[in-house]
Visitor: 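This is the structure I have questions about; it appears just below.
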2 protein chains.
Amino acid sequence: MPDDSLQITPQPVRRQVEERLRDAIITSRFMPGEHLSDRKLCDLFGVSRGVIREAVRLLEAEGLIVVVPNRGPFVAYLSAAEATQVYEVRSVLEALAGQGFAERASTEEIAELRAVFEEIAATPPGADRMVLLGLKRRFYDVLLRGCRNTYVARMLDQLLNRNSQLRATTLSDPSRLPHTVAEIRRIVEAVERRDREGTWQACREHVMQAAQVALRILNEHAAAAASRPAPPPRPATVPRRRSR
Amino acid sequence: MPDDSLQITPQPVRRQVEERLRDAIITSRFMPGEHLSDRKLCDLFGVSRGVIREAVRLLEAEGLIVVVPNRGPFVAYLSAAEATQVYEVRSVLEALAGQGFAERASTEEIAELRAVFEEIAATPPGADRMVLLGLKRRFYDVLLRGCRNTYVARMLDQLLNRNSQLRATTLSDPSRLPHTVAEIRRIVEAVERRDREGTWQACREHVMQAAQVALRILNEHAAAAASRPAPPPRPATVPRRRSR
DNA sequence: TCTCCATTATTGACAGACAATCATACAGCT
DNA sequence: AGCTGTATGATTGTCTGTCAATAATGGAGA
């Protein structure tokens, strides 16, 4: 099999818009619920309407954008109920990815995974949330590449993007950091033993712990919002209906 | 909670094109590897290029279409290796969906699931493959609706579409039908007992059995193709690279 | 037969236009 | 005041035409 690591593929303008827009959403440059009108995006990216519309369609399918007919695209909003569902799916997909990694990753990839883990473990508690999120992202990049399953990689990637905002807040919780490190250590150690079942369990446990923290935070926010006089407007939350 | 079953949402032309194109692909009206040029699709659907391009972008994100730069969209092709991966993911997602159904579906939904199962069980062995696929599709529709998890529903839906062609051939295997029915019966019965673990196992088992049959068929085809002088051209299999 | 080049078709991207629809504000009525 | 209806303005959905860049095709020539 030829090495295609040096292969370059031409990147149409559309792809760049897709990537930047995706990035802008998952880094919260656009807030959930925000209206992304054609005009605005055209001006922002300096491209024509057609390109914007195509990019929006792709991000719509990825679930990052919700399009309401005759009103246009909005940044998707994740309710507490939906977050629960996301974590439920993540737990099994991540477990599957971990198991695949334990089975099929090369020794180099395992070493790489440990290296990223050590970086996470060495992070001071007061670090910027985006730094931590970036490290965790790299951890997942290694994991998803080494699990040798394109489909689990794609879907987990989408899920991680989908609730990246929530993840940023849970990761940044200083009291949570040592627990996170311990959980990830369990994953890495299980992988190093090539322990299928152990990795599965460790991954599952990790996500479920994260889910608990996330939902606690979400409920606190909800409570705080309820005590405030005017609840956030939350414009047009998912009026779209999946067909089929 | 207000009943939104009467809600009507306007369907832009684009949505119709998306649906029809998706349907045409999963029912094999377009063969894998086939080139779907703008012109052709414009003529077929009688709409402008912009609409076509947007629809293609959406189906690209769903994995049904692969777009190679400067050559346009092709119907995605599923290699044996990829099929293995799809079944691996399906097994856990379907298990999760089943578990969610066993926990959270209403008694009406459980009855509905059994009703569809009875239809499947009553199918004569010589039935058309598309009839069976349609029934199975309905089974999944009920399951995915009742599991109360939008995300697992979306992802499993995509996976089922992705390998619908393969599923049609495995389902149509007459020697396989009784086994299929038995496996699905196990699922339904576990659900009726509200047995989380049992449903999980039954679903997992069902997919793994299906995977075995599918891979056997794929290998037979591959062997047959290899014995033939000219192997099928299989133009441009997944040259696209996922970013990030 | 093979190689190289010119022609042609197709994609990627842009701009302009138009009807349909939605949001808003304002006037009028009870 | 509170509600209803309408006029205005902005935005979306869609079509058309245009143009450069790239890939596929086919033929000329060695």
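Source: prediction; values computed, not measured.
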Visitor: Atom CD of A:Glu54 to atom C1' of D:dG13: distance rounded to whole Å?
Guide: 14 Å
Visitor: C:dC14 C1' sits how many Å from A:Arg14 CZ, rounded?
Guide: 14 Å
Visitor: Would you please name every residue forming a salt bridge (Lys or Arg N to Asp or Glu O under 4.0 Å) with B:Arg29, sequence neighbours left out?
Guide: none
Visitor: OP1, OP2 of D:dT12 versus side-chain N and O of A:His35: anything below 4.0 Å?
Guide: yes
Visitor: Is any side-chain N of the basic residue among B:Asp157 and B:Arg137 closer than 4.0 Å to the acidic one's carboxylate O?
Guide: yes
Visitor: Name the closest nucleotide to the A:Asn70 side chain, picking from C:dC22, D:dT11, C:dG12.
Guide: C:dC22
Visitor: Near DNA chain D, which residues from residues 37-52 of chain A have a heavy atom under 4.0 Å away?
Guide: A:Ser37, A:Asp38, A:Arg49
Visitor: Can we say B:Lys136 and B:Glu94 salt-bridge, meaning some charged N sits less than 4.0 Å from an Asp/Glu carboxylate O?
Guide: no
Visitor: What I want to find out is whether A:Arg216 reaches A:Glu220 closely enough, with some N-O distance under 4.0 Å, to be called a salt bridge.
Guide: yes
Visitor: Residues in salt bridge (Lys or Arg N to Asp or Glu O under 4.0 Å) with A:Glu88, at least two apart?
Guide: B:Arg104
Visitor: From CG of A:Leu36 over to P of D:dT11, roughly how many Å is that when rounded to an integer?
Guide: 13 Å
Visitor: Could you state the CZ-P distance from B:Arg15 to D:dT12, rounded to the nearest angstrom?
Guide: 14 Å
Visitor: So that I can tick it off, tell me whether A:Glu18 and B:Arg57 are bridged by a salt bridge, with the cut-off set at under 4.0 angstrom between side-chain N and carboxylate O.
Guide: no
Visitor: To the nearest Å, give me how far apart CZ (A:Arg53) and P (C:dC14) are.
Guide: 15 Å
